[in-house]
There are 2 protein chains.
Amino acid sequence: MIDKLKEQDYRLTPQRLAVLKILAGSDAHPSAEHIYEQVKVDFPMTSLATIYKTLTLLKEIKEVLEISIGDDHNHYDGRRPYPHPHLICNACKKIIDADMVDLSKVSQHLAKKTGYRITNYQINFFGICPLCQKKV
Amino acid sequence: MIDKLKEQDYRLTPQRLAVLKILAGSDAHPSAEHIYEQVKVDFPMTSLATIYKTLTLLKEIKEVLEISIGDDHNHYDGRRPYPHPHLICNACKKIIDADMVDLSKVSQHLAKKTGYRITNYQINFFGICPLCQKKV
DNA sequence: ATATTTATCGATAATGATTCTCTGTTTTGA
DNA sequence: TCAAAACAGAGAATCATTATCGATAAATAT
């Protein structure tokens, strides 16, 4: 992560380093607020805006994945910053990675394999449609 | 939809009927704001809060599907109110249904089949994890 | 039909995550 | 050392969604 930052001529500040450390050290898919609380332990003067700015930067250089689970606040994954499926518990809101494919029976397989009672899922593909490709 | 409402002892009001009609008559996955604009054509006195309340109700009785695409506002599908994959254009924000399974090669198949240039996708499964199932 | 009960409505304030603005500070490179 | 650019911090602004609450209207019984 640090190398990626330097490669692209971004500065490595203490605040950024602190965010990087938390992202690298957690597989709990923390929210911006949660990262903020963690960073404040070592850098009490840090602003929440800085957290967001750092996350935006990391998103741009593809070193963090932003995850929207309809929870009114986003979560961030710095360990596996590429698109991959997640499994979210509606009760405790825990997010875990669920790397398996198929789909017709993924839901049932997933339920069997992980013990989760799956009640819903969300699949979104993002891209450029044929019409917009022409417009370029 | 109307029957479902009556079954569960909900009232059928003009405002609700207007929302139902728009949901039933559109496959464009409209936002609450968009539904609001449409409803106001026939019922100018309608409040945006009523749109949200109706959508919440329809979500509860599973007659509409709420779709979060990280666009800062949700979209609604009243035609196919069950979880299913969507394909979103990053440029024009158009949302279309993408009913195909598999996953390992869904992305490539989808690209070939629809002409979309897929740059990202999001998959979320919602459920109850083993620990929380025990807690019940 | 009319009255009664109660869900629903409309208007607006409140909430809360994220972004913006602006000012001061730090880093970089000549 | 110094100017230019990047960055941080504080708090205001934004904006979708929710909550509040008095007024209104739908369903049902009288």
Can you identify which nucleotide, out of D:dT17, C:dG10, D:dA26, has its nearest atom closest to the B:Thr50 side chain?
C:dG10
Side chain of B:Ala49 (C-beta onward), nearest among C:dT19, C:dA11, D:dA8:
C:dA11
Rounding to a whole Å, what distance do you find between A:Asp72:CG and D:dT14:C1'?
14 Å
Between C:dT19 (P) and B:His73 (NE2): distance, integer Å
15 Å
Return the nearest nucleotide to the side chain of A:Met45; candidates are C:dA11, D:dG9, D:dC7.
D:dG9
Comparing A:Phe43 and B:Thr56 on DNA chain D - which has the more 5′ nearest nucleotide:
A:Phe43
Grab the CG-C1' distance between B:Leu57 and D:dA19 for me, whole Å please.
17 Å
Above 12 or not: heavy atoms from other molecules or residues under 6.0 Å from NZ of B:Lys21?
no
Where the side chain of B:Ser47 is defined as all heavy atoms beyond and including C-beta, which of D:dT18, C:dT19, C:dT12 is the nearest nucleotide?
C:dT12
N or O in side chain of A:Tyr52 less than 4.0 angstrom from C:dT18 OP1/OP2:
yes
I'd like to check A:Glu33 versus A:Leu48 (side-chain heavy atoms, cut-off strictly below 4.5 Å). Are they in contact?
yes
Can you tell me the distance, in whole Å, between the CD atom of A:Gln15 and the C1' atom of C:dT25?
11 Å
Is B:Arg11 side chain donor-acceptor paired with the C:dA7 base, going by distance under 3.5 Å alone?
yes
Side-chain heavy atoms of A:Leu20 within contact of A:Leu12, under 4.5 Å:
yes
Roughly how many Å is it from CD1 in B:Ile51 to P in C:dC9, rounded to a whole number?
9 Å
note: A:Leu55, atom CG; C:dC20, atom P; distance rounded to Å ~ 15 Å
What's the CG-P distance between A:Leu48 and D:dA13, to the nearest Å?
18 Å
Candidates C:dG10, C:dC20, D:dA8 - which lies nearest the side chain of A:Arg16:
D:dA8
Base, sugar-phosphate or nothing for A:Thr46? Non-hydrogen atoms, less than 4.0 Å.
sugar-phosphate
Check whether A:Met45 and A:Val39 end up in the same hydrophobic cluster, where Ile, Leu, Val, Met, Phe, Trp and Tyr are linked by side-chain heavy atoms less than 4.5 Å apart.
yes
Out of D:dA26, D:dC7, D:dG9, which nucleotide sits closest to the side chain of B:Pro14?
D:dA26
So, is B:Asn74 near the phosphate of D:dT17, with a side-chain N or O under 4.0 Å from OP1 or OP2?
yes
So which nucleotide from D:dT17, C:dT21, C:dT8 ends up closest to the side chain of B:Tyr10?
C:dT8
Any side-chain heavy atom of B:Leu57 sitting closer than 4.5 Å to one from B:Glu63?
no
Please report the distance, rounded to the nearest Å, between CG in A:Leu12 and C1' in D:dA6.
14 Å
